[in-house]
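Working notes, structure below.
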Amino acid sequence: MKVLVLNGPNLNRLGKRQPEIYGSTTLEDVEMFVAKRAEELGLDVECRQSNYEGQLVEWVHEAADQKWAVIINPGAYTHTSVALRDALVELQDNNGFVEVHISNVHAREEFRKHSYVSDIARGTIAGLGIQGYLLALEYFASQAS
Ligand code: DQA
């Protein structure tokens with residue numbers, strides 16, 4: 001199974017941006033940990049990041065066409081993007097997607113409590129730091145075997 005790991009806006013700033021909330025690990029490190037865990041689990045993985053909503057939408061279309069599973073941290077688009085939701089709906093026909101948040105969005109500002117994508121995700125992992133991406137990989141590995 002191929003898994004596409006998508007990170008949305010500002011996640012390229014991991015390690016520099018609000019380290020008290022998001023930690024000191026960089027996106028490069030996260031992608032390295034993801035690649036290592038995927039290899040151990042026998043999953044084919046690819047990581048991409050964009051600050052642009054339309055780019056994320058187009059990558060989700062690609063995943064739908066290729067029948068890839070998706071792990072996505074949509075960043076702030078979680079709370080704003082109907083367009084991203086509409087794209088992600090299509091993944092439900094195949095392997096689906098897991099929504100990941102590094103921080104516990106339910107323990108923060110009120111506006112972070114609403115997600116446009118949670119109800120159509122296989123599941124949501126929030127607040128477990130970068131471990132969330134690795135747990136999502138384990139979920140897809142368990143589905144593949
Ligand atoms: C985030 C939480 C979002 O509310 C925020 O806008 C982000 C990161 C997280 O990983 O905790 O950019 O998705």
Side-chain angles (χ1 to χ4, degrees), residues 1-41 43-64 66 68-92 94-144:
M1 183 193 284
K2 172 155 171 171
V3 183
L4 182 64
V5 178
L6 296 179
N7 277 292
N10 300 309
L11 289 159
N12 57 318
R13 305 292 299 163
L14 273 182
K16 293 182 187 143
R17 167 198 186 212
Q18 296 184 282
E20 67 288 1
I21 294 176
Y22 300 113
S24 54
T25 311
T26 64
L27 181 62
E28 206 181 8
D29 292 335
V30 171
E31 293 184 345
M32 201 183 67
F33 294 139
V34 163
K36 189 169 168 281
R37 191 74 189 111
E39 197 183 337
E40 288 164 1
L41 293 167
L43 293 170
D44 185 11
V45 80
E46 188 180 335
C47 297
R48 301 180 191 171
Q49 186 276 332
S50 180
N51 294 321
Y52 299 93
E53 188 175 12
Q55 177 65 85
L56 293 164
V57 166
E58 288 187 359
W59 285 338
V60 172
H61 294 165
E62 188 182 342
Q66 301 293 333
W68 295 335
V70 171
I71 295 170
I72 185 166
N73 182 345
Y77 293 140
T78 308
H79 320 296
T80 63
S81 181
V82 175
L84 192 55
R85 177 200 170 84
D86 286 350
L88 288 164
V89 163
E90 262 201 85
L91 299 181
Q92 289 179 307
N94 298 308
N95 292 303
F97 73 95
V98 173
E99 175 189 6
V100 170
H101 299 286
I102 295 166
S103 67
N104 182 354
V105 283
H106 300 286
R108 299 180 63 193
E109 300 94 327
E110 208 51 40
F111 67 84
R112 292 188 206 274
K113 292 184 182 163
H114 177 258
S115 164
Y116 275 101
V117 308
S118 292
D119 64 309
I120 54 165
R122 289 290 172 92
T124 299
I125 303 169
L128 302 184
I130 62 163
Q131 185 78 17
Y133 296 95
L134 308 181
L135 293 170
L137 277 179
E138 289 190 18
Y139 165 72
F140 282 122
S142 75
Q143 295 305 106

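From a predicted model like this one, the values you see are computed outputs, not experimental measurements. We count ligands from 1, going down the list as the structure has it; atoms in each ligand are counted the same way. FYI, side chains are in, hydrogens and waters are out, and symmetry mates aren't considered; it's all heavy atoms of this structure.
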- Item | Close side-chain approach of W68 to N94, heavy-atom, < 4.5 Å |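 No, their side chains stay 4.5 Å or more apart.
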- Message: For a 4.5 angstrom cut-off between non-hydrogen side-chain atoms, does N73 reach Y133?
- Response: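 The answer is yes; the side chains approach within 4.5 Å.
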- Pairs involving residues 123-142, ordered by first then second residue, that meet salt bridge (Lys or Arg N to Asp or Glu O under 4.0 Å) (sequence neighbours left out):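 Sorted result for residues 123-142: R37-E138.
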- Item | Contact list for residues 113-132, test ring pair (Phe, Tyr, Trp, His ring centres under 6.0 Å), sequence neighbours left out |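 Sorted result for residues 113-132: H114-Y116.
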- Between CE of M1 and CG of L41, what distance do you get to the nearest 0.5 Å?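 Going from CE on M1 over to CG on L41, the span is 11.5 Å.
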Note every protein N or O atom lying under 3.5 Å from an N or O atom of ligand 1, pairing the names and giving the distance.
residue, atom, partner, partner atom, Å
ligand 1, 4 (O), H79, NE2, 2.7
ligand 1, 4 (O), R112, NH1, 2.8
ligand 1, 6 (O), A76, N, 3.2
ligand 1, 6 (O), R112, NH1, 3.1
ligand 1, 10 (O), N73, ND2, 2.8
ligand 1, 10 (O), I102, N, 2.8
ligand 1, 11 (O), I102, N, 3.2
ligand 1, 11 (O), S103, N, 2.8
ligand 1, 11 (O), S103, OG, 2.6
ligand 1, 12 (O), R17, NH1, 3.3
ligand 1, 12 (O), R17, NH2, 3.0
ligand 1, 13 (O), N73, OD1, 2.8
ligand 1, 13 (O), H101, ND1, 2.8

Donor-acceptor pairs are to be reported for all side-chain atoms of residues 52-64 against protein atoms at under 3.5 Å, with residues two or more places apart or in another chain.
residue, atom, partner, partner atom, Å
E53, OE2, S81, OG, 2.5
E62, OE1, R48, NH1, 3.0
E62, OE2, R48, NH2, 3.3

